[in-house]
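Heavy-atom basis, side chains included; hydrogens, waters and symmetry copies ignored.
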Amino acid sequence: MSNTIVLKAIEEKQLSNSEAYLILRNIVEKIKEETGTVPLLLSRVLEYLKTHHKIPPEKAGELRELLASKGLKDETIVMLMNICPSSIDELRYLMELEEKTPEQGILEEILATLSNYCTGVAPS
């Protein structure tokens, strides 16, 4: 018989894979301390997030703030953090959810910011 864990949603927020990994890792550690085991689904989701993020989790909040300071929507920020575009053309395509595409200079700033944070490969 499996143990059921009930979690209460405190808030709803768009998260990048890096941010989700950091939060879920903390939850899994807490569950492991309390029960000694981790539900298979949580383990699998944590493993997926561990191998599918391009931003170091400890730097994700910092990057989010920098991108938000450019006036971008949360949905756009999450896409940029998960995909890490490497060209202006890729970046422009990901600006689809914005009411207005930022000017070329802002796009170049965003791309430079992303290049400072995106590792391109998640840790194994």
Original post:
Do other residues, nucleotides or ligands put more than 12 heavy atoms under 6.0 Å from Arg25 CZ?
Top reply: yes

**OP:** Quick one: pull up OG1 in Thr101 and CZ in Arg92 and give me the separation to the nearest 0.5 Å.
**Re:** 7.5 Å

Subject >> Ile83: which of Val78, Leu91, Leu94, Leu114 passes side-chain contact (heavy atoms from CB on, under 4.5 Å) >> reply: Leu94

**OP:** Test Leu97 against Met79 for side-chain contact (heavy atoms from CB on, under 4.5 Å), laying out the working first.
**Re:** CA-CA 10 Å; Leu97 296 175; Met79 285 193 306; 3.9 Å; yes

**OP:** Quick one: closest heavy-atom pair of Lys73 and Glu98, and the distance?
**Re:** N-OE2, 2.9 Å

Original post:
What pair of heavy atoms forms the shortest contact from Leu66 to Tyr117, and how long is it?
Top reply: CD1-OH, 3.3 Å

Original post:
Between Leu49 and Leu24, what is the shortest heavy-atom contact and its length?
Top reply: CD1-CD2, 4.2 Å

**OP:** Provide the closest heavy-atom pair for Ile55 versus Cys84 in the form atom of the first, atom of the second, distance.
**Re:** CD1-SG, 3.6 Å

Original post:
Can you hop from Ile31 to Leu41 via hydrophobic side chains spaced under 4.5 Å?
Top reply: yes

Original post:
If you round to the nearest 0.5 Å, how far is CD of Glu34 from CD of Glu29?
Top reply: 12.0 Å

Original post:
What are the two closest heavy atoms between Pro102 and Met95, and how far apart are they?
Top reply: CD-SD, 3.9 Å

**OP:** Look at atom CD of Glu103 and say whether more than 12 heavy atoms of other residues, nucleotides or ligands are closer to it than 6.0 Å.
**Re:** no

Original post:
Can you find a side-chain donor-acceptor pair between Gln14 and Arg64 that sits under 3.5 Å?
Top reply: no

Subject >> Neighbour count >12 (heavy atoms, 6.0 Å) for atom CD, Glu58 >> reply: yes

**OP:** Verify whether one side chain among Ser86 and Glu90 offers a donor that lies under 3.5 Å from an acceptor in the other.
**Re:** yes

Subject >> Between NE2 on residue His53 and CE on residue Met81, distance to nearest 0.5 Å >> reply: 10.5 Å

Original post:
How long is the span from the CD1 atom in Ile106 to the CG atom in Leu111, to the nearest 0.5 Å?
Top reply: 13.0 Å

Original post:
Taking Glu65 for the side chain and Glu62 for the main chain, is one N or O donor matched with an acceptor at less than 3.5 Å?
Top reply: no

**OP:** I would like to know whether Gln104 and Ile88 meet side-chain contact (heavy atoms from CB on, under 4.5 Å); could you show each step before the answer?
**Re:** CA-CA 8 Å; Gln104 182 74 17; Ile88 292 291; 4.0 Å; yes

Subject >> Non-hydrogen side-chain atoms of Ile110 and Leu72 separated by less than 4.5 Å >> reply: yes

Subject >> Basic-acidic side-chain contact under 4.0 Å: Glu109, Lys70 >> reply: yes

Subject >> Atom pair CG/CG of Leu15 and Asn82 - distance to nearest 0.5 Å >> reply: 9.5 Å

Original post:
Any chain of hydrophobic side-chain contacts (each under 4.5 Å) joining Leu22 to Val45?
Top reply: no

**OP:** Considering non-hydrogen atoms only, spot the tightest contact between Ser18 and Pro57 and give its length.
**Re:** O-CB, 3.8 Å

**OP:** Rounded to the nearest 0.5 Å, what's the gap from OG1 on Thr35 to NZ on Lys30? Could you check?
**Re:** 12.0 Å

